[in-house]
There are 2 protein chains.
Amino acid sequence: MSRMDIQTRLTEFGIAVTSQRLEVAGILLDKPQHLAADQILAMLRKKGSRVSKATVYNTLHLFAEKGLVRALHVDPSRTFYDSTIHPHHHFYHVDIGELSDIPDEQIRIMNLPPLPPGTELENVDVLIKIRDRKI
Amino acid sequence: MSRMDIQTRLTEFGIAVTSQRLEVAGILLDKPQHLAADQILAMLRKKGSRVSKATVYNTLHLFAEKGLVRALHVDPSRTFYDSTIHPHHHFYHVDIGELSDIPDEQIRIMNLPPLPPGTELENVDVLIKIRDRKI
DNA sequence: AGATCCTTTAGATTGAGTCCAATTGCCCAG
DNA sequence: CTGGGCAATTGGACTCAATCTAAAGGATCT
């Protein structure tokens, strides 16, 4: 995705454009992937960027809140950010701690239960945990 | 659940019985609930127990591994352990950070995708995120 | 230029969870 | 009973993702 495309994208999601936000988005939105904040920070540093840790965290929170990316809480030790936002679900390979996408169309959920009164749906996550087949 | 019942339960799940494990199980298996390690530790301490932090963590890991309880990674900041193990799913109220059970029978998932080669299913988690209805 | 507001920053701090080396407890053989 | 062996427990140090804070920077408007 070009720098210009990313700018447009940020604006579409109601996010004010700054050079730091462009840098973070440039890394994460590059392709469909799942990255943690510290991985993004490391990648930025490797490229010579001077963005601070606090800004990376602030930026990712903002992106997630505005719906530009999706936060995933699968690995208990850290939050991953998913650059793919059209609805889909995940495989989590517990032996190697790896996350992969499942196209949404394949899964259909029947009989969604009634929500508790006074609440509305935010979203539905399906996480299919898999492991290496034993013998 | 009586002390004796808990002993039987541990043994059924292939867990060697110790006094510390009985104490932890006594708290968590008392009723259907979701507790974090530090909550369990605090409850034990309040009862006058001297179980160490390391033991609480070791014990919960062991319980989860043996299938006596289920670990849930929903709140990014800590792991909750669910005393209910028959299959079921969860509501997560994002505004107040509260977790509640959904009886399994209500939800049916169609068209489970094929698993990646060499892997087998561990389990399927459905997490329905809800929030306070806005006006 | 000054004022206001938002963003970024370095560095300190938090806190769940892990690690480690030492101790305790348990069980069985002799 | 005794002691060897092994598993379980322990306190305390440690890790590290994430948060907090207070100050500095940057843009925009009048």
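Every chain is numbered from 1, with letters handed out A, B, ... down the list of sequences. Values in this document were obtained by computation on a predicted structure and should not be read as measured data.
Residue A:Thr18 places at least one side-chain N or O under 4.0 Å from the OP1 or OP2 atom of C:dT8. Look at B:Thr55 and you won't find any side-chain N or O under 4.0 angstrom from OP1 or OP2 of D:dT9. Note on B:Gln20: a side-chain N or O is less than 4.0 Å away from OP1 or OP2 of D:dT10. Residue A:Arg21 places at least one side-chain N or O closer than 4.0 Å to OP1 or OP2 of C:dT8. Applying the 4.0 Å criterion to OP1 and OP2 of C:dA16, one finds that B:Thr79 has every side-chain N and O outside that range.
Applying the salt bridge (Lys or Arg N to Asp or Glu O under 4.0 Å) criterion to B:Asp125, with sequence neighbours excluded, gives A:Lys129, B:Arg70. With sequence neighbours excluded, the residues that form a side-chain contact (heavy atoms from CB on, under 4.5 Å) with A:Ile130 are A:Phe91, A:His93, A:Ile128, B:Leu115, B:Pro116, B:Thr119. For B:Thr18, the side-chain contact (heavy atoms from CB on, under 4.5 Å) criterion is met by B:Gln20, B:Arg21, not counting sequence neighbours. A search for side-chain contact (heavy atoms from CB on, under 4.5 Å) contacts involving A:Thr8 returns A:Met4, A:Glu12, not counting sequence neighbours. Looking at residues two or more places apart in sequence or on another chain, you find a side-chain contact (heavy atoms from CB on, under 4.5 Å) between A:Leu22 and A:Arg3, A:Ile6, A:Gln7, A:Leu10, A:Val17.
Residue pairs meeting the ring-ring contact (aromatic ring centres under 6.0 Å, His included) criterion with at least one member in residues 34-85 of chain A, sequence neighbours excluded, are A:His34-A:His90. For residues 105-134 of chain B, no pair satisfies ring-ring contact (aromatic ring centres under 6.0 Å, His included), with sequence neighbours left out.
Shown for residues 64-78 of chain B: residues whose heavy atoms fall under 4.0 angstrom of DNA chain C, namely B:Ser77, B:Arg78. Near-neighbour residues of DNA chain D inside residues 22-47 of chain B, defined by a heavy atom below 4.0 Å, are absent.
Apart from B:Ile96 itself, the hydrophobic cluster it occupies contains nothing, where clustering links Ile, Leu, Val, Met, Phe, Trp and Tyr at side-chain heavy-atom distances under 4.5 Å.
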task: Give the intermediate values and the outcome of salt bridge (Lys or Arg N to Asp or Glu O under 4.0 Å) for residues A:Glu122 and B:Arg131.
output: CA-CA 6 Å; A:Glu122 166 134 336; B:Arg131 57 173 179 245; 2.9 Å; yes
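Where the helix from C:dA1-D:dT30 to C:dG30-D:dC1 starts and where it ends, the local axes point in directions that differ by 10°; five pairs per end, rounded to 10°.
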Could you list all N or O pairs between the protein and nucleotides 19-29 of chain D that sit under 3.5 Å apart?
| residue | atom | partner | partner atom | Å |
| --- | --- | --- | --- | --- |
| D:dT19 | OP2 | A:His61 | NE2 | 3.3 |

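Using a 4.5 Å heavy-atom cutoff, the side chains of A:Arg9 and A:Ile15 are not in contact.
Rounding to whole angstrom units, CG of residue B:Asn58 and C1' of D:dG12 are separated by 15 Å. For the pair B:Leu60 CG and C:dA16 P, the interatomic distance rounds to 14 Å; values are reported in whole Å.
Side-chain contact annotation: A:Ser83 with A:Gln33, donor-acceptor N/O pair under 3.5 Å absent. Checked by atom type, the side-chain pair A:Asp82/A:His88 shows a donor-acceptor distance below 3.5 Å.
With hydrogens and angles disregarded, a donor-acceptor distance shorter than 3.5 Å links the side chain of B:Asn58 to the backbone of B:Ala54.
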